[in-house]
Amino acid sequence: MEKIQFSKTDYNVTYRSEKIVFLPREYHLFKYLYQNPSRIFSREELLNAVWPMENPVDRTVDDHIYRVRKKIQPLSSVVEIETIRGQGYLLSMKEVQKSPLLKDDEVSTQVKSLFRKYHRYGQGDALKLLAENQNVFGFQIDLPNLLYLHFMKGDFSWFLDAQEITFWEKCFYLLHIYSLIEPDKKKCLDYFTCALSAEDIPEYHRLEIKLLNRLSLLIFTKQLDKAATLLHRSKNEIYEKNLEGFIPLILLSELWLTLLQKDLLKIEERMEETENKLASFPYLRENANLSIIKGCYWLLKNNESKAKDYFDEGFQLLLEAKFIPGVLMNINMILFCVDDFGVSGTLQTDYKELKQQYISKYKLNEIHSKIEHQLQYNLK
């Protein structure tokens, strides 16, 4: 059954298109009942659960139940708070009929196409809205898109908790999450290389690892000659097979590589060329990455103020796209460039602090060793 969503930042709940705004105690009372469906609670039990350390009267519960009932009237097809005479209250759940469109192949095909387009253009809000309203629109998100959604919004722990999904279906994302936090990029590269030759990894993930992911790690490990060779091969294959979704990414990788070769004239020529080509691909994430690269170019020219402006612009675009991994990837790249270019000043401290904030918020330190254990067990 589709669940009612409880906000973590305020006292609202949502179900499909309905939004209910509660007062704090109303919210906690409804949440407590919802988390314990079909169980009868006496007034005293509810007082102890929702009003601990206080001394309200029995009538307090009755008054709040009355107000909650009124507010959840739009959800009457889903839940109901019943009065059990002489005992107390219980919340009952009702069976909701599934949409017949869930079995409609045409709807499924159209939604997948729409999902891909939102994905490509970096429309994070639209993707989340689709995901949260699958039953309303009459479709079900398939596993590859479900995995991407959890990755996009930084729900990294989910990949460890989702035991029903095989390691190989999650492998691609576990590798990426691991590379966000693991300082030894050579170790990350080794794991990606092992995954490339694994028989069980999905072919669409194998292709991206082969053409793009190892390339960025070769750059991080300063193996620029190997990176240039792989870039040439990948670029040829991407254009020969017309892998349109990979074109902006290979162009940006090429620009990164040119930047780290530190020839200002070549960087400026490549930057203009890349910007012109990316005009045909107005995707938020790729434009964000371009802004970050421009910022690193100004770092190379010792103009921290201008670099910071471009960094701010890039991160703003990534936050608009709701692409949390992209924020961490680009923080890593900035710190790499700060170190490689020998930049002194406050930028390094600022971005190290920002990285720690994201690591803490998304609990990356807590899952690092668990992911490494899975990678070691399955890939080594």
Side-chain angles (χ1 to χ4, degrees), residues 172 175-176 178-198 201 205-243 245-278 285-286 289-302 307 310 314 325-326 328-343 348 351 375 379-380:
F172 177 82
L175 287 166
H176 279 283
Y178 182 74
S179 68
L180 294 176
I181 183 64
E182 172 55 48
D184 185 349
K185 300 306 178 189
K186 176 65 168 60
K187 187 190 291 187
C188 298
L189 177 59
D190 289 343
Y191 281 129
F192 271 97
T193 302
C194 289
L196 183 63
S197 58
I201 197 164
H205 284 160
R206 189 192 313 278
L207 184 64
E208 187 166 340
I209 291 172
K210 172 189 171 185
L211 298 178
L212 295 170
N213 302 147
R214 289 186 308 138
L215 177 56
S216 63
L217 287 166
L218 284 170
I219 292 173
F220 261 121
T221 53
K222 300 186 181 181
Q223 300 180 67
L224 301 189
D225 290 339
K226 288 184 178 181
T229 300
L230 179 56
L231 175 71
H232 178 73
R233 290 204 308 265
S234 296
K235 190 174 180 181
N236 286 342
E237 184 170 343
I238 287 168
Y239 278 98
E240 284 172 8
K241 295 182 178 179
N242 193 29
L243 302 173
F246 286 179
I247 291 175
L249 299 172
I250 200 68
L251 291 173
L252 290 165
S253 296
E254 190 172 31
L255 181 55
W256 270 122
L257 184 56
T258 305
L259 178 72
L260 295 178
Q261 291 166 341
K262 302 173 187 174
D263 183 324
L264 289 176
L265 182 59
K266 285 185 179 179
I267 294 169
E268 288 160 4
E269 290 174 352
R270 180 74 68 194
M271 185 125 28
E272 183 178 1
E273 177 187 341
T274 303
E275 197 160 10
N276 289 336
K277 289 181 178 179
L278 285 180
R285 290 167 304 175
E286 283 70 19
N289 291 339
L290 179 60
S291 293
I292 299 294
I293 297 174
K294 286 180 178 179
C296 290
Y297 162 73
W298 285 104
L299 268 189
L300 185 60
K301 295 188 72 173
N302 293 313
Y310 278 111
L328 280 155
M329 290 174 197
N330 280 287
I331 291 173
N332 283 337
M333 186 56 80
I334 291 170
L335 290 171
F336 176 85
C337 288
V338 166
D339 180 64
D340 192 58
F341 299 165
V343 176
Q348 186 177 53
Y351 284 104
L375 297 178
L379 297 177
K380 291 291 187 179

Could you tell me if the side chain of [Y] sits less than 4.5 Å from the side chain of [X], heavy atoms only?
{"X": "K241", "Y": "F246", "value": "no"}
{"X": "L175", "Y": "N213", "value": "no"}
{"X": "L264", "Y": "K301", "value": "yes"}
{"X": "T193", "Y": "L217", "value": "no"}
{"X": "I250", "Y": "L243", "value": "no"}
{"X": "L255", "Y": "M271", "value": "yes"}
{"X": "L260", "Y": "C337", "value": "yes"}
{"X": "N276", "Y": "E272", "value": "yes"}

Inset, instruction - State the CG-NZ distance between L218 and K186, to the nearest 0.5 angstrom. - result: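 Taking CG in L218 and NZ in K186, the distance rounds to 9.5 Å.
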
Which heavy atom in [X] sits nearest to a heavy atom in [Y], and how many Å separate them?
{"X": "A195", "Y": "I209", "value": "CB-CD1, 4.2 Å"}
{"X": "F341", "Y": "C296", "value": "CE1-O, 3.4 Å"}
{"X": "Q223", "Y": "L189", "value": "NE2-CD2, 3.7 Å"}
{"X": "F336", "Y": "F220", "value": "CE1-O, 3.1 Å"}
{"X": "S253", "Y": "I219", "value": "O-CD1, 4.0 Å"}

Inset, instruction - Could you tell me whether K266 and E269 have a side-chain N and a carboxylate O separated by less than 4.0 Å? - result: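 Judged by the 4.0 Å cut-off on N to carboxylate O distance, K266 and E269 do not form a salt bridge.
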
Inset, instruction - Decide if the gap between the ring center of F192 and the ring center of H176 is smaller than 6.0 angstrom. - result: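 Yes, ring centres under 6.0 Å apart.
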
Inset, instruction - Could I get the full list of side chain to side chain donor-acceptor pair (under 3.5 Å) partners for D340, not counting sequence neighbours? - result: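 Applying side chain to side chain donor-acceptor pair (under 3.5 Å) to D340 gives K222, K262.
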
Inset, instruction - Please list, chain by chain and in numerical order, all residues satisfying side chain to side chain donor-acceptor pair (under 3.5 Å) with K210, sequence neighbours excluded. - result: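 Residues passing side chain to side chain donor-acceptor pair (under 3.5 Å) with K210: E237.
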
Under 3.5 Å donor-acceptor, [X] side chain and [Y] backbone:
{"X": "R206", "Y": "A198", "answer": "yes"}
{"X": "D339", "Y": "L335", "answer": "no"}
{"X": "N332", "Y": "L180", "answer": "yes"}

Legend entry - Name of the residue among R233, E240, H232 meeting side chain to side chain donor-acceptor pair (under 3.5 Å) with N236: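 One option only clears the test, and that one is H232.
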
Inset, instruction - Look at atom CG of D225 and say whether more than 12 heavy atoms of other residues, nucleotides or ligands are closer to it than 6.0 Å. - result: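 Counting neighbours around CG of D225, 12 or fewer heavy atoms of other residues, nucleotides or ligands fall under 6.0 Å, so no.
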
